[in-house]
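Here the structure comes first, spelled out in structure tokens, and everything after it is commentary.
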Amino acid sequence: MSSENDKINEPHTDSDNGSKVETKDFIRTIIDQHNKSGRFNNIVHTRFPPEPNGYLHIGHAKAICISFGIAEEYGGVTNLRFDDTNPTKEDTKYADAIMRDIKWLGFDWGDRLFHASDYFDKLYEFAVVLIKKGVAFVDDLSAEDMREYRGTLTEAGKESPHRNRSIEENLELFEKMKNGEFDDGAKTLRAKIDMASGNMNMRDPVMYRIMRATHHRTGDKWCIYPTYDWAHGQSDSIEKITHSLCDLSFEDHRPLYDWFLDQLEVHHPQQSEFARLNISYTITSKRKLRQLVENNIVDDWDDPRMPTLSGVRRRGYTAKAVRTFIAKLGVSKKRDTVADIALLEHCLRDELNETADRRMAVIKPLKVVITNYPDDKIEEFDAINNPGDDTAGDRKVYFSKEIYIEQDDFVEVAPNRKYFRLAIGKEVRLKHTYYITCDEAIKDDEGNIVELRCTYDPESRGGSTPDGRKVRGTLHWVSTHDAVDAEVRLYNNLFAKESPDEDDDFLEHININSLEILTGCKIEPSLKDLQVGQNCQFLRHGYFCLDSKYSSKDKIVFNRSVTLKDSWAKKK
RNA sequence: UGGGGCGUCGUCAAGCGGUAAGACACUAGCCUUUGACGCUAGCAUUCGUAGGUUCGAAUCCUGCCGCCCCAGCCA
């Protein structure tokens with residue numbers, strides 16, 4: 001992992017007395033305790049266990065950063081394990097996308113790519129061990145009856161009438177289950193724990209179900225498949241995982257995992273649960289994201305408005321910005337927290353401010369004729385690429401009699417003294433070149449302003465004058481003679497509500513202005529050289545990137561990754 | 001009414017008995033050839049609440065209150 005990321009996780013420093021005060025989250029605190037007691041011989045070996053049934057989103061990025069990041073920090077490694085215990089829902093195409101996204105984020109599982117299905121044989125053996133111990137049994141209850149027998153949150157459940165079958169009978173029945181002698185759903189293997197437990201997970205949970213489905217890796221070898229609860233803890237144990245980090249929803253499954261491991265007397269990882277990541281104005285629910293795709297509300301899983309990793313990548317987010325965001329958020333057990341999307345945006349701006357070259361792009365063009373500028377003259381100016389980075393160099397821009405400026409940079413009458421853009425009779429600076437003063441606005445029959453007539457001050461060449469007069473406004477511009485046409489896509493929050501997730505009818509909160517497509521935008525010619533994956537700043541607008549999906553040789557399409565902060569917009 | 005968890009600034013989050021870090025957001029100002037960036041200042045007399053212990057409590061104890069998760073042969 002990059003050294004930048006290490007910095008993020010450095011302990012904060014107490015500046016008052018100069019001494020370092022470590023402030024660690026609860027997971028790192030637990031690991032420190034283990035290292036002190038020697039419980040895992042100072043080894044930290046984690047795993048990230050996605051189910052290959054969908055695309056990774058930014059919520060998963062948190063889990064990835066925690067599992068991979070913490071292991072790395074402690075000199076350990078992380079396994080990637082696909083939890084593929086339900087063949088009806090999983091597919092290899094998702095696995096490929098998941099691996100691509102994890103790599104993009106900057107993490108590496110080395111040669112430790114595993115599957116829960118790698119352990120189907122071992123899991124079967126383990127199940128036999130539990131049957132022989134008399135703590136697992138084959139049940140004939142239907143799914144419906146089982147629900148009935150389970151009881152409720154406040155009432156104890158009833159034991160299955162098949163709970164006390166002999167070990168021999170259970171062994172025989174379980175083998176027949178495996179051999180396909182029963183119909184799908186006809187029987188299950190259950191752990192024999194406690195139907196009166198306050199923890200529903202301990203009320204004789206199902207370990208195996210009969211399901212004739214072709215598994216994407218094991219084919220038709222099995223007609224019984226382990227449940228997640230039965231497979232997960234043992235998979236961790238088999239891989240000698242020391243710290244199983246997962247989200248809060250598995251908190252009350254931990255007693256069950258502990259129980260299985262204790263019964264089996266095998267390596268026993270420590271599970272710790274942290275709160276999932278929620279972000280304002282968007283959703284981090286695989287199910288709901290799928291709805292957006294299937295209802296064609298968004299382009300696809302990689303729509304730049306989507307919080308999927310493929311979506312934010314296409315939007316122009318960098319992996320580093322995502323990692324920084326997650327690191328700044330921290331780790332806690334507080335549920336229902338909603339991270340401010342403004343922090344995510346800040347992390348991107350903060351990075352791109354340092355790394356992205358500046359360019360000029362007029363997204364809503366208004367033609368300007370500089371009446372006192374020679375008709376055929378074209379002047380060359382050096383334009384600095386990044387004022388904060390001397391090594392970024394510069395480029396040429398070419399000024400001429402006719403240019404485009406932004407429609408939003410002109411009003412006929414300046415509203416007040418604080419307004420310092422262009423207005424009739426007002427003077428502004430054109431970035432890198434000259435001062436111009438507006439003399440006249442030309443309108444069409446409907447009264448729309450279609451062209452401006454301005455005069456320039458030859459003395460202001462380079463952006464200042466000998467008399468040193470102050471010009472507060474600086475506008476970006478593009479010459480008409482060399483402007484390149486482009487399409488620009490402006491994105492806003494996908495949802496108009498801060499927490500759309502709290503309603504089931506979350507689709508009602510879709511922001512109808514989440515995408516604005518502008519055509520006929522005029523960009524400076526050097527922008528033609530930009531590559532997919534490169535970020536650049538459109539001066540005074542924000543950070544943009546080439547859209548990887550719709551850009552082609554004949555058509556340039558830009559995505560706005562994030563706007564620049566705009567204190568003027570707030571004042572207005 | 002069972003079990004599990006959580007309550008510190010608008011948001012996220014430190015703090016682990018010695019008198020409330022930081023970040024984002026926000027506000028005001030400075031700077032500025034991006035109304036960006038940068039810089040300066042402000043922003044919790046108070047830690048869900050009520051008691052108790054203590055010289056001293058966000059931190060320990062007790063009782064309340066609030067919020068969330070769990071009744072898939074999903075993960």
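A note on names: the letters A, B, ... follow the listed sequences, proteins ahead of strands, and every chain is numbered from 1. None of the values given here were measured: they were computed from a predicted structure.
- Between S526(A) and R359(A), the side chains place a donor N or O and an acceptor N or O closer than 3.5 Å (distance only, hydrogens not considered).
- For R203(A), the salt bridge (Lys or Arg N to Asp or Glu O under 4.0 Å) criterion is met by no residue, not counting sequence neighbours.
- Of the nucleotides present, none pairs with C16(B) by Watson-Crick or G-U wobble criteria with both distances under 3.5 Å.
- Contact annotation for V471(A): no contact, since no heavy-atom pair falls under 4.0 Å across all strands.
- Under the side chain to side chain contact (heavy atoms under 4.5 Å, CB included) rule, D84(A) has a single partner from E51(A), R217(A), K89(A), which is R217(A).
- Distances from the side chain of K328(A) to the nucleotides U34(B), C24(B), A23(B) place A23(B) closest.
- Summarising the base pairing, C43(B) is matched to no nucleotide, lacking a Watson-Crick or G-U wobble pair whose two defining distances lie under 3.5 Å.
- Residue R254(A) is classed as having no contact, given no heavy-atom separation below 4.0 Å to the nucleic acid.
- Comparing the C1' positions of U46(B) and A14(B) gives an interatomic distance of 16 Å, to the nearest angstrom.
- Annotation: E148(A), atom CD; neighbour count of heavy atoms from other residues, nucleotides and ligands within 6.0 Å does not exceed 12.
- Each of F420(A) and H346(A) has a nearest nucleotide on RNA chain B; the 5'-most of these lies closest to H346(A).
- Here U34(B) presents its P atom at 13 Å from CE of M360(A), a figure rounded to the nearest Å.
- C68(B) and G56(B) are spaced 38 Å apart, taking the P atom of each and rounding to whole Å.
- Nucleotide G29(B) is shown with an anti base, its glycosidic torsion being more than 90° from 0.
- Rounded to the nearest Å, the gap between the C1' atom of C47(B) and that of A20(B) is 8 Å.
- Straight-line distance from the CG atom of L344(A) to the C1' atom of U11(B): 14 Å, rounded to whole Å.
- Taking the centre and axis of the six-membered ring of Y124(A), the NZ or CZ atom of K178(A) falls inside the cone set by 45° and 6.0 Å.
- Residue H476(A) places no side-chain N or O under 4.0 Å from the OP1 or OP2 atom of U34(B).
- Centroid-to-centroid, the aromatic rings of F82(A) and H115(A) come within less than 6.0 Å.
- Between T154(A) and G473(A), the residue anchored nearer the 5' end of RNA chain B, judged by the nucleotide with its closest heavy atom, is T154(A).
- Base pairing of U62(B): its partner is A50(B), meeting the Watson-Crick or G-U wobble criterion (both donor-acceptor distances under 3.5 Å).
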Could you walk me through whether D91(A) and H216(A) pass the side-chain hydrogen bond (donor to acceptor under 3.5 Å, both in side chains) check? CA-CA 6 Å; D91(A) 204 293; H216(A) 69 95; over 6 Å; no
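- Residue K334(A) places none of its side-chain N or O atoms closer than 4.0 Å to OP1 or OP2 of G5(B).
- Within 4.0 Å (heavy atoms only), L248(A) reaches no atom of the nucleic acid at all.
- Residue Y225(A) is out of contact with every strand shown, counting any heavy-atom pair closer than 4.0 Å.
- Heavy-atom contacts from other residues, nucleotides or ligands closer than 6.0 Å to CD of E379(A) number more than 12.
- On the P atoms, U19(B) is 34 Å away from C65(B), given to the nearest whole Å.
- Comparing the P positions of G52(B) and C9(B) gives an interatomic distance of 25 Å, to the nearest angstrom.
- Regarding E345(A), its CD atom lies at a distance of 17 Å from the P atom of C12(B), rounded to whole Å.
- In this structure, the CD atom of Q271(A) is 14 Å from the C1' atom of G5(B), given to the nearest Å.
- Distance check on atom P: A13(B) versus C6(B) gives 13 Å, rounded to whole Å.
- Base pairing of U32(B) is not made with any nucleotide, judged by Watson-Crick or G-U wobble geometry with both donor-acceptor distances under 3.5 Å.
- The gap from the P atom of G38(B) to that of U34(B) amounts to 14 Å, rounded to the nearest Å.
- In a base pair of the Watson-Crick type (N1 to N3 plus N6-O4 or O6-N4) or a G-U wobble (N1-O2 and O6-N3), with each distance short of 3.5 Å, C67(B) is matched with G5(B).
- Atoms CZ (F538(A)) and C1' (G35(B)) sit 20 Å apart, rounded to a whole Å.
- Comparing C69(B), G5(B), A14(B) against the side chain of D25(A) picks out A14(B) as the nearest.
- In this structure, K288(A) satisfies the cation-pi test against F506(A), with its NZ or CZ atom closer than 6.0 Å to the six-membered ring centre and inside 45 degrees of the ring normal.
- Sorted by residue number, the members of residues 562-570 of chain A with any non-hydrogen atom under 4.0 Å from RNA chain B read L564(A), K565(A), S567(A), W568(A), K570(A).
- Heavy atoms of R190(A) sit nowhere under 4.0 angstrom from any nucleic acid atom.
- When each of N492(A), V488(A), I363(A) is checked for a side chain to side chain contact (heavy atoms under 4.5 Å, CB included) with R560(A), only N492(A) meets the rule.
- With ring centers used as reference points, F137(A) lies 6.0 Å or more from F174(A).
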For nucleotides 70-75 of chain B, give me one character per nucleotide, 5' to 3': B if any protein heavy atom sits under 4.0 Å from the base, S if the only such contacts are to the sugar-phosphate, - if neither. BBSBSB
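- In terms of the ring-ring contact (aromatic ring centres under 6.0 Å, His included) criterion, residue partners of F399(A) (sequence neighbours excluded) are, by chain and number, Y373(A), Y434(A), W477(A).
- Under the Watson-Crick or G-U wobble criterion, with both distances below 3.5 Å, G10(B) is paired with C24(B).
- Using a 4.0 Å cut-off between charged side-chain N and carboxylate O, K364(A) and E406(A) make no salt bridge.
- Ion pairing between D204(A) and R150(A) fails under the 4.0 Å rule for side-chain N and carboxylate O.
- As rounded to whole Å, 19 Å separates atom P of A36(B) from atom CD1 of I384(A).
- Taking atom P on both nucleotides, C60(B) is separated from U8(B) by 15 Å, rounded to a whole Å.
- Considering only residues two or more places apart in sequence or on other chains, N353(A) meets the side chain to side chain contact (heavy atoms under 4.5 Å, CB included) condition with R358(A), Y543(A).
- Among the protein residues, H432(A) comes within range of the nucleic acid bases, having at least one heavy atom under 4.0 Å from a base atom.
- Note: H476(A) and F538(A) fail the aromatic proximity criterion, with ring centroids not under 6.0 Å apart.
- In this structure, F26(A) places its CZ atom 13 Å from C1' of A13(B), rounding to the nearest Å.
- Residue side chain R540(A) does not reach the base of G35(B) through any donor-acceptor N/O pair under 3.5 Å, judged by distance alone.
- No hydrogens or angles were tested; on distance alone, a donor-acceptor pair under 3.5 Å links the side chain of Q537(A) to the base of U34(B).
- Rounding to whole angstrom units, CG of residue D340(A) and P of A23(B) are separated by 16 Å.
- Of the residues in residues 53-65 of chain A, none lies under 4.0 Å from RNA chain B by heavy-atom distance.
- Among G4(B), U34(B), G35(B), the nucleotide with an atom closest to any side-chain atom of E251(A) is G4(B).
- Taking every side-chain heavy atom of D336(A) into account, C67(B) is the closest of G2(B), C67(B), G35(B).
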